[in-house]
Amino acid sequence: MYPGVKFIARGVGVKALTPEGYDAAWDNIVPAAVELAKQGATAILVHGASLTFYRGHAAHEKLLADVRAATGLPAISMTSAMVDGLRHLGVKKIGVCTAYSDEINERLRDFLVASGFDVLALEGFDITDFGGASKKSDEDIVELADKVRTEAPGAESLLISCGGLRTLEAGRRVEAKHGVPVVSSTESAYWAAVRMIGESGRYPGYGKLLESREPVVH
């Protein structure tokens with residue numbers, strides 16, 4: 001999406017899409033960010049949606065504050081990018097599609113409500129194994145979005161949550177099919193990330209959010 005930007009990564013060891021699987025990785029996030037700063041990073045994206053929202057809104061905010069304090073760099077998470085994307089579009093009423101189990105879905109619902117959104121419908125693939133989300137096809141994702149849209153005809157936007165889902169093409173298809181903007185974890189995360197370093201984040205042809213020209217307001 002952004003060939004002019006150099007991305008460097010450091011894993012934190014997520015074991016599964018469960019609280020226990022995330023617990024093993026949580027304490028590794030700040031040290032990983034510090035290492036990336038030493039390698040020359042000029043901004044930090046904490047990748048992983050459920051990894052960054054599963055402990056709740058207050059813990060998420062503290063995590064980002066800790067990353068910023070430890071690195072001296074601007075930082076966002078995949079979760080904060082999703083929220084930024086929804087706010088940028090000016091929507092409140094949303095339908096949500098995820099890769100997750102009911103337990104993680106309820107934690108996401110709580111986070112979104114705490115962030116000011118009205119979650120009209122929420123459905124997931126009930127995936128708990130790490131890497132399982134990447135096995136879902138565009139057709140699977142579109143079908144899940146169809147279900148959510150049917151349950152929430154009043155939704156102003158659809159959110160697709162999980163960085164493991166391949167959503168670039170699927171999100172475009174869902175937006176075109178249902179006529180409401182789509183915000184998905186991966187695309188919103190990199191859109192918001194490159195905007196921290198002064199890039200536009202535009203990627204024409206893939207939906208309203210990626211067409212945006214205005215700066216993010218944090």
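- The shortest side-chain heavy-atom distance between L159 and L112 falls under the 4.5 Å cut-off.
- Here NZ of K92 is found 13.0 Å from CG of L120. Values are rounded to the nearest 0.5 Å.
- If you take CG on L86 and NE2 on H88, they are separated by 11.5 Å, rounding to the nearest 0.5 Å.
- The number of heavy-atom neighbours closer than 6.0 Å to CD of E151, taken from other residues, nucleotides and ligands shown, is above 12.
- Side chains of T79 and H60: a donor-acceptor N/O pair is absent below 3.5 angstrom, by distance only.
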| request: Start with the C-alpha distance between T98 and I104, add both sets of side-chain angles, then the distance that settles side chain to side chain contact (heavy atoms under 4.5 Å, CB included), and finish with yes or no. | output: CA-CA 9 Å; T98 83; I104 302 303; over 6 Å; no
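- When all heavy atoms are compared, the tightest approach of I76 to A189 is CD1-O, 4.0 Å.
- Of the possible donor and acceptor atoms, one in the side chain of S137 sits under 3.5 Å from a partner among the backbone N and O of D140.
- With hydrogens and angles disregarded, a donor-acceptor distance shorter than 3.5 Å links the side chain of R149 to the backbone of P153.
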| task | Carefully, step by step, assess R107 and E103 under the rule salt bridge (Lys or Arg N to Asp or Glu O under 4.0 Å). | result | CA-CA 7 Å; R107 295 188 187 206; E103 179 182 14; 3.3 Å; yes
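- Put simply, OG1 on T128 and CD on E20 are 10.5 Å apart, with the number rounded to the nearest 0.5 Å.
- Taking NZ of K136 as the reference point, atom CG of L165 lies at 9.0 Å (rounded to 0.5 Å).
- Note: Y190 and H47 have tilted aromatic rings, judged against thresholds of 30 and 60 degrees for the angle between ring planes.
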| request: Before giving the answer on salt bridge (Lys or Arg N to Asp or Glu O under 4.0 Å), spell out for E211 and K208 the whole-Å C-alpha distance, their side-chain angles and the decisive distance to 0.1 Å. | output: CA-CA 5 Å; E211 294 281 359; K208 186 174 181 180; over 6 Å; no
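- Nearest heavy atom pair, residue G85 against residue V183, reads C-CG2, 4.0 Å.
- Expressed to the nearest 0.5 Å, how far NZ of K15 lies from CG of D129 amounts to 14.5 Å.
- Ion pairing between a basic and an acidic side chain is recognised when a charged N comes within 4.0 Å of a carboxylate O; E169 and R172 show such pairing.
- Side-chain N or O atoms of T186 include one that pairs as donor or acceptor with a backbone N or O of G163 at under 3.5 Å.
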| request: List the steps and the verdict of side chain to side chain contact (heavy atoms under 4.5 Å, CB included) for V180 and V91. | output: CA-CA 10 Å; V180 293; V91 301; over 6 Å; no
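- With hydrogens and angles disregarded, no donor-acceptor distance shorter than 3.5 Å links the side chain of Y203 to the backbone of Y2.
- By the neighbour-count criterion of 12 heavy atoms within 6.0 Å, atom CZ of R109 is densely surrounded, having more than that number from other residues, nucleotides or ligands.
- Between Y100 and F53, a ring centre-to-centre spacing shorter than 6.0 Å is recorded.
- Minimum interatomic distance between A49 and S161 (heavy atoms only, all atoms of both residues): CB-OG, 3.8 Å.
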| field | Verdict with reasoning, D23 to R55, per salt bridge (Lys or Arg N to Asp or Glu O under 4.0 Å) | value | CA-CA 9 Å; D23 283 342; R55 290 192 176 184; 3.2 Å; yes
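- Between I94 and V96 the shortest heavy-atom distance is CD1-CG2, 3.9 Å.
- Between F111 and H57, the angle of the ring planes lies from 30° to 60°, which puts this pair in the tilted group.
- Contact of the M196 side chain with the L73 side chain is not registered, since no non-hydrogen atoms from C-beta on lie closer than 4.5 Å.
- Connection of M78 to L168 is not established within any shared hydrophobic cluster, with ILVMFWY side chains joined at heavy-atom distances below 4.5 Å, either directly or through further cluster members.
- A distance-only check finds no donor-acceptor pair linking the side chain of R10 to the backbone of P31 [under 3.5 Å].
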| said: Using the rule given for side chain to side chain contact (heavy atoms under 4.5 Å, CB included), can you reason through S80 versus L64, listing the C-alpha separation, both sets of side-chain angles and the distance that settles it, and then say yes or no? | reply: CA-CA 9 Å; S80 68; L64 286 185; 4.0 Å; yes
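- In terms of modelled atom types and a separation under 3.5 Å, the side chain of N28 and the main chain of V12 share a donor-acceptor contact.
- Side-chain contact between M1 and V194 is absent, with no heavy atoms from C-beta onward closer than 4.5 Å.
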| request: Before giving the answer on side chain to side chain contact (heavy atoms under 4.5 Å, CB included), spell out for E123 and C97 the whole-Å C-alpha distance, their side-chain angles and the decisive distance to 0.1 Å. | output: CA-CA 5 Å; E123 297 287 346; C97 316; over 6 Å; no
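- Residues G95 and A155 share a closest heavy-atom pair of N-CB, 3.6 Å.
- In this structure, CG on L17 lies 5.5 Å from SG on C162, to the nearest 0.5 angstrom.
- What you find for P181 and S157 is that their closest heavy atoms are O-OG, 2.8 Å.
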